[in-house]
Asks: 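Here it is, the structure in full.
Just so it is clear: chains get the letters A, B, ... in the order the sequence lines come, proteins before strands, and each one is counted from 1.
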Protein chains: 2
Amino acid sequence: MPELVPATPQLLRRVSAGAVLEFLRASAAVTVTDVMAATGLTRATTIAVCEDLVRRGWVLERENQREFGGYQKGRPARRFELNERAGVVLGMDIGYSKVTVVVSDLRGRTLGRSSRPFQAGEVGSRERIAFIDGVAGAALSSAGMEPGQVLAVCAGVAAPVDRHGDVVATQEFWGLFDLGLRPALKETRGWTVLLENDANLAALGDRWQGAAAGIDDVVVILASERLGSGIVEGGRLVHGTRGSAGELAYLDLVEGVGDTYGIAHLARTWAADALATTAPTTLRSVQGRVEAEQVFTAAEQGDAVALGILDRLADRMARVVGTVATLLNPELVVIGGGVADSAGVLLRPISERLKEFTATPARVAVSPLGDSIVTVGAVRCALDYVERNSLDLELAAPATPA
Amino acid sequence: MPELVPATPQLLRRVSAGAVLEFLRASAAVTVTDVMAATGLTRATTIAVCEDLVRRGWVLERENQREFGGYQKGRPARRFELNERAGVVLGMDIGYSKVTVVVSDLRGRTLGRSSRPFQAGEVGSRERIAFIDGVAGAALSSAGMEPGQVLAVCAGVAAPVDRHGDVVATQEFWGLFDLGLRPALKETRGWTVLLENDANLAALGDRWQGAAAGIDDVVVILASERLGSGIVEGGRLVHGTRGSAGELAYLDLVEGVGDTYGIAHLARTWAADALATTAPTTLRSVQGRVEAEQVFTAAEQGDAVALGILDRLADRMARVVGTVATLLNPELVVIGGGVADSAGVLLRPISERLKEFTATPARVAVSPLGDSIVTVGAVRCALDYVERNSLDLELAAPATPA
DNA sequence: GAAAGTAAATTTAGATTCAATATAAATGTA
DNA sequence: TACATTTATATTGAATCTAAATTTACTTTC
């Protein structure tokens, strides 16, 4: 933020450089003339800024300029482009049972990833941090990147995180998530770690590459095992004072909902309930516990019991969506998480049911990001940080003449 | 917003002037040395900026400098202060049945006001606008101010208003509120009119001068006849896409609530219900319809029926507060509006009941602003606009040498 | 192949703004 | 009256921007 910088002439260069960099992030290799048109700066200033950015490592100047663009008259234009390999960011999903780390370049392209389940013994903070560090190292190796190139890390956890990135342990349980990951990775790796709630990251992720692309007012409901939501309003995450905005515990009081179990959990439970009766259903043929997937598959094939479960799920989800959407008035409500792949069939019945609860029903969608919605959001969150702070960050290898 | 201004050297002066003005708004008459300490600028720059602001009418230089401050050594310091009469703002509350307009100086001090009920015939937009214009004129007269001195107007209406200040007519009913007030007053008076939802203004008002002073995450529930709420998160109003964030219609689905009637309405209704039975109560002695006030008074005197009503009200409000606070995690929930004066007695039972619904109950308060909560918020909203845009606004009488 | 045309790059001049330093002014105190 | 203290003003220098003039590098045309 340039707010804290004093109003010296250098501030001007900062503002100009920020504008140029922002344009370059949204463009491929461009000419100075392009940059001038986008920023309103003069040619002299634009060139000075671009060369400044090249010197600092954020921008590359292309050789063989004539290769680009069809226009061939006049003196060949120099071409500048964002150095998308100036550094990388890490997006982490720290779940109950496993850790996933994604390595991304500055344009958000995935360069590598690694995912490992926690071992039984790894319960202490120390062990968990070491484990996470290990997965991060593996992900970096798979991308062929060095730890020194990491510009920012964002980690998603299933606990409330306030807007300063601190885990708020409102209940003892959440304390488990306050691993001290930030100071630890700062110390050993020199990395800046941003913590964020997993549902919030899901919202950022889906808004970036999912169903809510470009939408500024959206609620994303993670709905697999437990219901939780991330709220984006006016393009910004809504955290609340202690980071627990988006929590859906109030559903205990909503008729027809009554708890915060998610779709996968309920599908399993209700299927088991049905099997305890004499109702005829193809689900009886399943070996072992009936999983949510199988309920959805059976429903597609017309199984009455499965269809009944879908019906109840749709009714429930419509109530959940209806309450959240009424209070927050998003443009879109997205259902995401591991169950999203199969939840597509719920979309129409939910929308239908929704009309009964509210006069102006919200649009509902299922996220195409599936299980990776949290890591995608974590990458976005880390990139947001880097983009906000580019001009204050030092790059590992600025302007190394090859 | 300085974002759109190109990065010319003049931008620097803008930034400096903004910083100085911001400091002056929070101070009384100050010396250049004070300003230097607050802004980090040098003496020369500070003086140039101050004189600039004096020339443009936003700042006054005090005579008889020695009157201020105890320190008497050295060359007497010049004293600068905000010209709080550089202009005025209007805060309007456009209710169902009446219009209130408050005139405020730039420090938020009330200079005058006027309030009038709509006449029976005044239903068309044209008539209503003329009526509102008349009340504004009367308020200005009572303040001894001219229409040309109005720098901004903010009007609160009981309809959804999006973040651009447009009334969103999601239901035909709201269309009534889209009077075209903004273009009309721009044309006839030259005024910039900001529209905003009344509950949202209540939130701004209470955060400024009420129970939520200085709190960045707060929900204010207007609770007299109908329940509605204004949400502030991270210091910013939450509007949603179409301006209807904060609507509580979802309460129809919440057990023990079931509708969105407010405290005053329910107190009246339930009192009437009780009187239709044979229950012994002092409320029987009331002439005509029993008003909410009287229920509260009777309860204070130990009347069993009235106490029962309070109990039901507290339970309801606790459910409302509990649901909203769980989803949004505010630091404080404020109950405001016309009923607030008497609702103080509900505070303790609501808080008690809240503990049953949620593990981490929100703090609850009643706004001290009573009926004027909306106009106070409207003034704040208009002042916010003026403060954001000072450097772009032309003053009516800049630097008139007396 | 030389001349003309075109668009970009570079140079130069001028203005604004700020910091830093030096100097002047106004007041109180010895 | 001399001196200390604080503020005000003037001067200088550096960074930055715009605008206009000039140079460069390439293409097209004759």
Side-chain angles (χ1 to χ4, degrees), chain A residues 2 4-21 29-56 59 61-81 391, chain B residues 2 4-21 29-56 59 61-81 391:
Chain A
L4 291 175
V5 178
T8 76
Q10 288 84 337
L11 174 65
L12 287 182
R13 177 50 61 91
R14 247 187 108 81
V15 172
S16 300
V20 170
L21 204 45
V30 294
T31 67
V32 172
T33 307
D34 297 332
V35 178
M36 288 168 62
T39 61
L41 298 170
T42 56
R43 174 156 255 114
T45 306
T46 305
I47 291 176
V49 168
C50 284
E51 291 181 342
D52 227 38
L53 291 170
V54 169
R55 215 170 302 123
R56 298 170 65 176
V59 171
E61 183 169 1
R62 280 276 181 128
E63 317 281 317
N64 312 326
Q65 301 94 337
R66 276 289 148 119
E67 286 179 9
F68 304 91
Y71 208 85
Q72 294 290 299
K73 286 182 191 165
R75 178 173 175 169
R78 299 163 72 177
R79 297 260 168 180
F80 293 94
E81 68 179 331
L391 299 175
Chain B
L4 292 175
V5 178
T8 78
Q10 288 83 339
L11 175 65
L12 287 183
R13 176 51 59 93
R14 245 187 109 82
V15 173
S16 300
V20 170
L21 204 44
V30 293
T31 67
V32 172
T33 307
D34 297 331
V35 178
M36 288 167 62
T39 60
L41 298 169
T42 56
R43 173 156 257 116
T45 307
T46 307
I47 290 177
V49 168
C50 284
E51 290 181 341
D52 226 40
L53 290 171
V54 169
R55 215 170 303 123
R56 297 170 67 174
V59 170
E61 184 170 0
R62 280 274 182 128
E63 318 282 319
N64 314 326
Q65 300 95 333
R66 276 291 146 118
E67 287 177 11
F68 304 91
Y71 207 86
Q72 293 292 296
K73 283 184 193 165
R75 179 172 176 169
R78 298 163 72 177
R79 296 261 169 180
F80 293 94
E81 68 180 332
L391 299 175

Asks: Less than 4.5 Å apart, any side-chain heavy atom of A/Leu21 and any of A/Val49?
Replies: no
Asks: Estimate the overall bend of the helix from C/dG1-D/dC30 to C/dA30-D/dT1 from the end axes over five pairs each, rounded to 10 degrees.
Replies: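 Helix axis angle between the two ends: 20°.
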Asks: Could you write nucleotides 20-26 of chain C as a row of B, S and -, 5' to 3', where a protein heavy atom under 4.0 Å of any base atom gives B, of only sugar-phosphate atoms gives S, and otherwise -?
Replies: ----BBB
Asks: Give the rounded distance in Å between these two atoms: CZ of A/Phe80 and P of C/dA8.
Replies: 13 Å
Asks: For A/Arg79 and A/Glu61: C-alpha separation, side-chain torsions, deciding distance, then whether salt bridge (Lys or Arg N to Asp or Glu O under 4.0 Å) applies.
Replies: CA-CA 6 Å; A/Arg79 297 260 168 180; A/Glu61 183 169 1; over 6 Å; no
Asks: Given atom CZ of B/Arg43 and atom P of C/dC18, what is their separation to the nearest angstrom?
Replies: 16 Å
Asks: Is there side-chain contact between B/Ser16 and B/Thr39, with at least one heavy-atom pair below 4.5 Å?
Replies: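 A side-chain contact under 4.5 Å is absent here.
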Asks: May I ask you to evaluate whether B/Ser16 reaches the phosphate of C/dC18, defined as a side-chain N or O under 4.0 Å from OP1 or OP2?
Replies: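 Answer yes for this pair, as a side-chain N or O of B/Ser16 is under 4.0 Å from OP1 or OP2.
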Asks: Quick one: does A/Arg56's side chain have a donor or acceptor within less than 3.5 Å of a partner on A/Leu391's backbone?
Replies: yes
Asks: Let's go through A/Ile47 and A/Arg78 carefully: what are the C-alpha distance in whole Å and the side-chain angles of both, what is the deciding distance for side-chain contact (heavy atoms from CB on, under 4.5 Å) to 0.1 Å, and is it a yes or a no?
Replies: CA-CA 10 Å; A/Ile47 291 176; A/Arg78 299 163 72 177; 3.9 Å; yes
Asks: Whole Å only: how far is the CD1 atom of A/Ile47 from the C1' atom of D/dT24?
Replies: 12 Å
Asks: So how far is it from A/Gln10 CD to B/Leu12 CG, rounded to the nearest 0.5 Å?
Replies: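 It comes to 9.0 Å.
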Asks: Roughly how many Å is it from CZ in A/Arg78 to C1' in D/dA25, rounded to a whole number?
Replies: 13 Å
Asks: Could you tell me whether A/Arg62 and A/Glu81 make a salt bridge, using a distance below 4.0 angstrom between a side-chain N and a carboxylate O?
Replies: yes
Asks: Of A/Thr46, A/Val35, A/Val32, which is the lone residue that meets side chain to side chain contact (heavy atoms under 4.5 Å, CB included) with A/Leu41?
Replies: A/Thr46
Asks: Take the protein atom CZ of A/Arg13 and the nucleotide atom C1' of D/dA15, then report the distance between them rounded to whole Å.
Replies: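 These atoms are roughly 9 Å apart.
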Asks: How many whole angstroms separate atom CD of B/Glu51 from atom P of C/dC18?
Replies: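 After rounding, the gap between these two atoms is 13 Å.
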Asks: Using a 4.0 Å heavy-atom cut-off, does B/Thr33 contact any base of the nucleic acid, only the sugar-phosphate backbone, or nothing at all?
Replies: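 Sugar-phosphate, backbone atoms only, no base.
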Asks: Side chains of A/Thr45 and A/Arg13: do they bring a donor and an acceptor to under 3.5 Å?
Replies: no
Asks: Establish, with yes or no, whether the OP1 or OP2 oxygen of C/dT17 is under 4.0 angstrom from a side-chain nitrogen or oxygen of B/Thr45.
Replies: no
Asks: What is the distance, to the nearest angstrom, from the CD atom on B/Gln10 to the P atom on D/dA15?
Replies: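 About 19 Å, once rounded to whole Å.
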Asks: Rounded to whole Å, how long is the line connecting atom CZ of A/Arg79 with atom C1' of C/dA7?
Replies: 13 Å
